[in-house]
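Worksheet: one structure, shown below.
All chains are named by letter (A, B, ...) in the order of the sequence lines, taking the proteins before the strands, and each is independently numbered beginning at 1.
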Amino acid sequence: MKDYDRGIILATLALCLFGVIMVFSASSIYALKAYGTKYYFVERQLVYLVLGLLAGSFAAVINIDLLRKYSNILYGFIILLLVLVFVPHIGVVVSGSHRWLRLGAFTLQPSEFAKPVLIVLIAHVLEEKGQRLNNAPPVLLPLIYTAVVLVLILREPDFGSAVIITTVVFSILYLTGASVVSLALVIIPVIPVAVLLVMHSTYRLNRVKAFLDPWQHAQTGGFQIVQSTLAYGAGGITGVGIGNSFEKLFYLPEAHTDFIFSVIAEELGFIGVAAVIGVFIFLITRAFSIAARSGSTFTKATVYGLTLFIALQVIINIAVTLGLLPTKGLTMPFISYGGSSLTAELISVGIILNLSRRVNDGSDEADNSRWG
Amino acid sequence: MDSVKRIHEQHLVRLFIIYLCIMAGFAVVLSKAFYLEVIKGRRYAELARKQYSREVTLLPARGLIMDRDGRILAQSVLVDSFYADPAKIKNKSRTAIITGNILKLNADTVLKKLESDRQFVWIKRLVDPDTARKLMQYHLPGIYSLKEYRRYYPDLKLASNVLGFVGIDSNGLAGIELSLNGYLSGTPFSAVIDVDGRNSPIYTGDLTDDVSPSGDSVVTTLDLNIQFILQEALKKAVAEQEAKKGIGIIMNPATGGILAMASIPDFNPNVYRDYPMSVFKDTAVENTYEPGSIFKPFVISSALDAGVISPNEKIFCEDGHYKVYNIVIKDAEGDFNMLSIGDILKYSSNIGAAKIGEKLGSTSLYRYLRQFGFGSQTGIELPGESPGILNPVDKWSGVSIDTIPFGQGVSATPIQLVTAMSAIANGGLLLAPRIIKEIRKPDGRVQTFQPVIRRRVISGHTARIMTDMMIGVVNDGGTGINAAMNGYTVAGKTGTAQIPDPLTGTYYKNRFVASFLGFVPAHNPKIVMLIMLVDPQKNPYGGSSAAPVFKDVAEKVLPYLGVPSKLNIMAMPSGEPSSVDIEQAQFNGITQTGFVPDFAGKTMRAVLKQAKQAGISDVVIKGSGYAVDQSPRSYTPYSGGPVRVLFSMKMGMQGGRVVRSGTRYIPQAKKSVYSGKRDGPHSMKATKG
């Protein structure tokens, strides 16, 4: 137990509990009007948190070699789930997106779980193949695994997740020593594809337009951004106080999910915003230092990958609420309402903790061949 | 191992680059957050504030209209008004069909409103509660409601022509609602309310503490029960006689207060839109009529007061045919030779009246009629009052001096006729007719409207003679015998006026205004009443169609007012407190400075006290008992010098005085009936009720 990284544990728990409070604050009025009880969302979030903590603890204690061994099976299972979202009656369609699977009273978002599974599989491949090929990390195989996931996620469509997955995978390859030339050769043809995808889809185009001039499109796509901006402004330095947000009263759409950070900004002000960002920076720095100290390619790749997912999602989510990026449909890790994302994130943290124990007690050094 | 070292260094560089990128990302969002929250914070906070707040102009609750005892005639209740926010409606045609169906509106009209690009469109305002509930059950997105006040008249048609009605936005459109709109509507006030993103007001609790201001309430002089009696009787008479219209007014001659005022056809002001504009006219003040024979008492009392005729004089009535210039005046009731003044009135001789007019002369006649209030507005607090037509003498034709005395070539409003008759009834004083008793401010202040004496028109002596003559009209052989009552002496005059044809300038052959104008009890009048039936098809004569209505109404109203009957003087009168008496008592207490007070009927002590209050030090007293005569006349301007008052033990009626005790009023007169004692008003004692 003492070998687990306590800082990461504390930071994660703090963010999760803070999230429960903010979900309650942001959703209570909406829940009251829509479901007749103001506890509708916060009750569910607490259930997700318990499930997520159990799953995360499990990920923290299992033998990591088992995970590596079965990572390809897990990957196959995730691909199956990503296909199932398109099957009528099993998949749930929400405003044109096929992102969810029906699971009794709850829904499951397979793409959230695809992220850690893909990272573990790629890390496994990098370790295995990297050793055999001596100093030349393989680029092609991880990219093929990634491409399959990307194609399915873009079909949903979930452009935001696709962008993040692409960025994280390239970053892992870069961090584990792939040659910049080979990465560039892959990236350069991808950019026009991405641009085409944006131009081709009206909703994406509208989001971009709204992003470029939110006040002009205030009644349509820019509405969220305008309201979010007003939330920041209303918050000021110290905020209006927890529970006192005006924006959550049907001005700011999705106040308890994608735009929860706007409510934080309004209720807790710049001080609250800086504090939350500070906790995330602490968490990311701790995780990076574990990866840096590790001598295992698998450990490095996994921890970098999982941490980068969290980091990118935090930055992009905040950037969207600030109007710096077009709306994406990305949640705020640990804080936003949502069972799949919270569980997947806690599993990711669990894996990071699992590896932190190995780094700290030295068992990670065994296959130290490349990292001196 | 060199390669291992190289790889390690490369890794650290790359890690540093990635870490730097992440930190740069955080730096960017943090600076933008700083920019929005700290640097631009004020401006955005203000914009946000603007968005949450709506400044709305609210109308205060419209004040109540009450009868003289505080019974509610008109009140405002909160109902729903529906509006749409078209941008929030997805299925517009379905929404239009449902709302159109429930609110009874054309679905296409509603759809057109829903397709507008405004954020706020009224769908229907002031919807009744049942309908509103039905629509709300649908929870249609984009359709919202606001609470607004709607005017409600609990007694439906009762006094509708006096009360009038209210349009949208608390705008009085007729009757008292219009004439006192400034008081009733109150001042619009603006309030800032917070609304959520769905435009619904956010109630934060402290909103309910806001005292919603309201308009002033109006207490009228009307009595709900008397109004009901009059209006029903009039409605019945109009139906029976197949008349075009009916007008009835009951006034307290001592104060000028109007107890009831009815017009038929009436209407239900709650649904005024269902009626044609024409019924909204308050015919009692807006329409003028040639009065016909009910005008004769004013002419005869003028001639008596001027001294050009004496009560016992006889006048040659030309055996029913009197040729003046190009016209022949005829009498309807028979061909008369010599008639006394009283009989001229009793048999309603036009020729006699014409000759009295000639004796008085046009200048005097004109002056007296003006004194009675004809040809000018009475100033009653109702909209659209007509002054009637009384031309100045230089515009009179050669026969005007002969026709005006029997009510042709002159026109008057019903309210003018009642007000003028009240002057005869109360001993010669013209009062301002009043329909407003009090205005009650929301803060509890009360503005009371006191009776106003305009002037003395005829002497008390003339008034008494005139009263006796009008009693004759309602006696055997008189034209007004149908108004005679058991137990009460009625004084009055019938009228059967031809209706002028505006096209030919002559009169319709068989269209009449049948009327009766009188007061009761004759010697101590409590009510003056006019009954007027316009163009009755069945029976055009005032004596046979209008006089019975007077009697029917008076038979119910007098006991209600507690006026003792001669037949049953020991019987307990109606237990209802009599507001007429209260007003009278208050009125008698008024001492108008600069005027000689009315001492009639008062004890010596009371006279001296009242004189002192009026600033009169020199009072010459003669006789003992109660004041019966005085000089100068009451309510004439006092310009110093001695005031002589004659007292007599024989002074008659002076009942009806009341005292106030706690919340109940006890008519003092009733007490004196039992005890056989008669107390002067100054010595009245408060009695516990």
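With a 6.0 Å radius and a threshold of 12 heavy atoms from other residues, nucleotides or ligands, B:Glu46 has its CD atom at or below the threshold.
Residues A:Val180 and B:Arg14 approach most closely at CG2-NH2, 3.4 Å, considering heavy atoms.
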Do any side-chain atoms of residues 94-105 of chain B form donor-acceptor pairs under 3.5 angstrom with protein atoms, and if so which ones, sequence neighbours left out?
| from | atom 1 | to | atom 2 | distance (Å) |
| --- | --- | --- | --- | --- |
| B:Thr95 | OG1 | B:Asn91 | O | 2.7 |
| B:Thr99 | OG1 | B:Thr95 | O | 2.6 |
| B:Thr99 | OG1 | B:Ala96 | O | 3.3 |

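Residue A:Thr285 touches chain B through both its backbone and its side chain, counting heavy-atom pairs closer than 4.5 Å. For A:Val320, no part lies near chain B; criterion is any non-hydrogen pair under 4.5 Å. Only the side chain of A:Leu308 comes within contact range of chain B, with heavy atoms under 4.5 Å apart.
For the ring-ring contact (aromatic ring centres under 6.0 Å, His included) with B:His11, the lone residue among A:Tyr174, A:Tyr304, A:Phe288 that qualifies is A:Tyr304.
Residue with the most contacts toward chain A among B:Ile39, B:Ile22, B:Val28: B:Ile22 (heavy-atom pairs, distance under 4.5 Å). Between chain A and the residues B:Val38, B:Leu12, B:Leu36, the most heavy-atom pairs under 4.5 angstrom are made by B:Leu36. Chain B forms the most heavy-atom pairs under 4.5 Å with one residue out of A:Ala231, A:Gly235, A:Gly236, and that residue is A:Gly236.
Residues satisfying the ring-ring contact (aromatic ring centres under 6.0 Å, His included) criterion with B:Tyr35, sequence neighbours excluded, are absent altogether.
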